[in-house]
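One structure is given here, and the rest of the page talks about it.
Numbered from 1 within each chain, the chains take letters A, B, ... in sequence-line order. These numbers come from the heavy atoms of this one structure, side chains and all, not from hydrogens, waters or symmetry mates.
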Amino acid sequence: MPEFSTSPGMRDITAPESARWRRFVDVFERTVSAAGYELVIPPLLEDIGVFTRLGEATDVVTKEMYDFVDKGERHVALRPEQTASICRSFVEHRPTTPFKAWYSGPNFRYEKPQRGRYRQFDQVGIEVLGSLDPYVDIEVIHLGWIFFKKLGLQQIELAVNSLGEPENRTAYVAALKSYFNDRLADLSPESQQTLEKNPLRVLDSKRPQDSDVIAGAPMINSFWSAEAAAHFDTVCNGLTSLGVPFSIDLKLVRGLDYYRGTTFEFRGGTLDSAQNALGGGGRYDGLVADLGGPDTPGVGFAIGLDRTLLACDDEGTFPSPPDAADVFVVDVGDGIDALLICAELRAAGIRTERSWDNRSMKAQMKAANRSGARFAVLIGEDERLAGIALLRDLRSDAEQVSVARTELQATLISRLSSLQGAE
RNA sequence: GUGGGCGUAGCUCAGGUGGUUAGAGCGUCAGGUUGUGGCCCUGAAGGCCGGGGGUUCAAGUCCCCUCGCUCACCCCA
């Protein structure tokens with residue numbers, strides 16, 4: 001048994017999955033940079049105060065934070081998400097608004113791991129700070145939507161809601177609290193607890209026992225101000241104009257306390273409810289001010305890498321990219337030819353591999369085959385003396401040909417590019 | 001944090017009612033003519049059967065604890 005393995009909820013992302021992760025972020029970057037979003041790379045570690053603003057009532061803050069006191073007596077935490085970091089960064093550097101940022105990277109939450117839920121998990125996301133315009137909400141949601149489409153996902157469900165203006169939200173929470181309190185006995189013990197901390201979240205309960213009570217609960221839309229209703233209306237109309245299908249889910253309350261106004265969630269149609277939330281976001285118009293900045297509205301989303309990839313697996317889309325060499329150099333001499341040829345071909349941008357340890361020609365050919373290389377270049381004493389190399393197409397029955405050593409690189413470039421053209 | 005299931009070679013898994021040196025397939029490595037892959041054949045390496053304790057003449061197989069994975073709840077991405 002190995003002495004060490006990864007800590008719970010942490011894992012190695014190995015090939016070919018690792019390449020898929022890279023490509024995932026590439027697709028995301030292309031999607032959002034086309035809309036003018038710029039990359040921000042916040043630190044993994046921040047003063048814990050940055051994150052406690054996410055909500056005193058959320059488990060993310062109260063129970064799941066990886067926090068500690070560092071050698072300088074600073075109370076710090078590994079980020080549980082990145083929105084707060086982006087806002088902190090905004091307050092610290094004060095870029096001009098609207099400020100449009102995207103990010104990707106790991107977050108940490110001390111939870112019990114299970115499928116689609118890890119203690120270190122990657123997210124990609126965008127944030128727009130400095131505009132109240134509902135068209136920003138629409139753009140943000142649309143970018144999330146087309147990203148999923150670019151991954152090839154067909155069964156994404158988009159749910160949208162609005163928590164109204166802060167006063168609306170407050171009034172609604174009060175009404176909800178009073179409604180649930182009147183029916184406390186009908187609620188599950190868990191929901192009774194949730195009620196004390198955050199009445200909104202009771203709406204999220206999946207327990208059958210709660211469903212009847214929840215069904216009769218007051219709905220947020222009757223608390224919307226005229227402005228909030230109009231904002232939401234514009235958002236819905238915009239999505240419709242863009243041809244983005246969505247449903248209005250008046251019970252959609254996001255987990256973090258800072259949300260107000262528009263909220264939305266992307267769900268994977270093929271996944272179980274435990275991990276079907278692939279991403280979500282909304283407006284957090286008070287967060288920047290909470291972090292000591294000017295009163296600045298914000299809207300954004302975060303998308304979970306693992307869960308989205310899970311959805312891709314289910315739909316059979318966005319596979320790991322192929323990982324094959326172009327050329328494999330087989331050297332049955334002392335290895336110096338392989339050394340030089342590899343260096344030369346790699347410098348020319350040809351993906352070139354070789355084997356080590358003076359293995360037999362047969363073993364080297366097997367390795368060449370396994371590498372997926374299209375061509376094998378063979379060289380030994382005889383070839384070296386003759387100033388040639390043998391070139392063999394591993395995926396055709398054509399005879400191998402001898403090529404002047406000085407022509408090898410040019411020959412391979414032309415062969416490979418003509419193959420690429422054919423495909 | 002609470003409950004259910006599981007934990008045997010690198011991977012996927014077999015191993016009725018406890019009984020001699022723990023198996024298969026795949027993968028890896030080496031051979032099957034002197035310098036040639038893919039198919040096939042032969043052979044080899046590789047497991048204190050997650051860890052610890054207990055019951056027993058004897059445990060991968062039973063019991064307890066622990067760690068881990070997994071599923072559900074919770075929470076959320």
Side-chain angles (χ1 to χ4, degrees), chain A residues 1-11 14 54-55 57-64 80-83 104 106-125 144 188-191 193-194 197-198 201-202 204-210 252-256 265-268 271-281 301-311 328 330-333 355 357-384 390-397 399-400:
Chain A
M1 282 299 104
E3 187 176 357
F4 297 109
S5 58
T6 53
S7 295
M10 312 263 176
R11 63 245 205 270
T14 57
L54 302 177
T58 62
D59 285 359
V60 170
V61 169
T62 56
K63 300 197 298 198
E64 300 173 356
E81 56 119 55
Q82 283 170 263
T83 300
S104 83
N107 305 313
F108 303 83
R109 273 132 85 156
Y110 194 89
E111 300 180 90
K112 187 159 177 179
Q114 60 180 251
R115 179 174 164 86
R117 190 174 82 181
Y118 303 95
R119 289 183 177 176
Q120 178 178 333
F121 63 100
D122 269 57
Q123 288 183 328
V124 295
S188 64
E190 295 89 341
S191 286
Q193 287 216 320
T194 306
K197 293 186 297 185
N198 189 339
R201 206 89 49 64
V202 176
D204 263 345
S205 168
K206 291 173 212 150
R207 283 172 294 274
Q209 185 189 346
D210 296 327
L252 173 66
V253 287
R254 306 279 317 146
L256 302 170
E265 188 167 283
F266 297 102
R267 296 172 186 148
L271 296 168
D272 294 332
S273 67
Q275 60 268 350
N276 75 348
L278 305 184
F301 66 69
I303 290 172
L305 216 67
D306 303 285
R307 290 189 181 178
T308 303
L309 253 20
L310 239 35
F328 196 102
V330 172
D331 184 348
V332 286
S355 54
D357 302 314
N358 275 318
R359 304 224 284 150
S360 70
M361 181 169 226
K362 177 171 181 158
Q364 291 190 55
M365 286 302 292
K366 280 191 176 184
N369 185 57
R370 235 179 299 124
S371 76
R374 178 67 200 227
F375 295 103
V377 168
L378 298 83
I379 191 161
E381 286 301 318
D382 298 347
E383 289 74 21
R384 185 203 297 198
L390 302 175
L391 180 59
R392 175 161 185 156
D393 185 336
L394 292 173
R395 271 184 271 168
S396 86
D397 295 325
E399 288 276 311
Q400 63 192 31

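A donor and an acceptor atom never sit less than 3.5 Å apart when one is taken from the side chain of A:Arg115 and the other from the base of B:C69. If you check distances only, the side chain of A:Arg11 never reaches the base of B:C69 with a donor-acceptor pair under 3.5 Å. With hydrogens and angles ignored, no donor-acceptor pair closer than 3.5 Å exists between the side chain of A:Gln82 and the base of B:A77. Side chain A:Arg109 to base B:C75: no donor-acceptor pair is found below 3.5 Å.
Rounded to whole Å, the separation between the P atoms of B:G31 and B:G37 comes to 12 Å. Comparing the C1' positions of B:A24 and B:C49 gives a spacing of 16 Å, expressed to the nearest Å. B:A77 sits 23 Å from B:G68 when the C1' atoms are compared, rounded to a whole Å.
In this structure, OH of A:Tyr110 is placed 11 Å from C1' of B:G1, rounded to the nearest angstrom.
Judged by the 6.0 Å distance and 45° axis criteria, A:Arg392 is not positioned over the aromatic ring of A:Phe375. For the pair A:Arg109 and A:Phe121, the NZ or CZ position fails the cation-pi test of under 6.0 Å to the six-membered ring centre and within 45 degrees of the ring normal.
Nucleic acid contact class of A:Phe266 (heavy atoms, under 4.0 Å, all strands): none. A:Thr308 comes within 4.0 angstrom of no nucleic acid atom, judged by non-hydrogen atoms across all strands. Looking at heavy-atom distances under 4.0 Å, A:Gly268 makes no contact with the nucleic acid at all. Counting non-hydrogen atoms under 4.0 angstrom, A:Gly125 reaches nothing in the nucleic acid.
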Original post:
Yes or no on side chain to side chain donor-acceptor pair (under 3.5 Å) for A:Ser191 and A:Thr194, after CA distance, side-chain angles and deciding distance?
Top reply: CA-CA 5 Å; A:Ser191 286; A:Thr194 306; 5.2 Å; no
**OP:** Sugar-phosphate atoms are those with a prime plus P, OP1 and OP2; base atoms are the rest. Using that split, label each nucleotide of nucleotides 30-40 of chain B B, S or - for protein heavy atoms under 4.0 Å, 5' to 3'.
**Re:** S-B--BBBB--
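Listed candidates were B:C75, B:A77, B:U70. Nearest to the side chain of A:Ala277 is B:A77.
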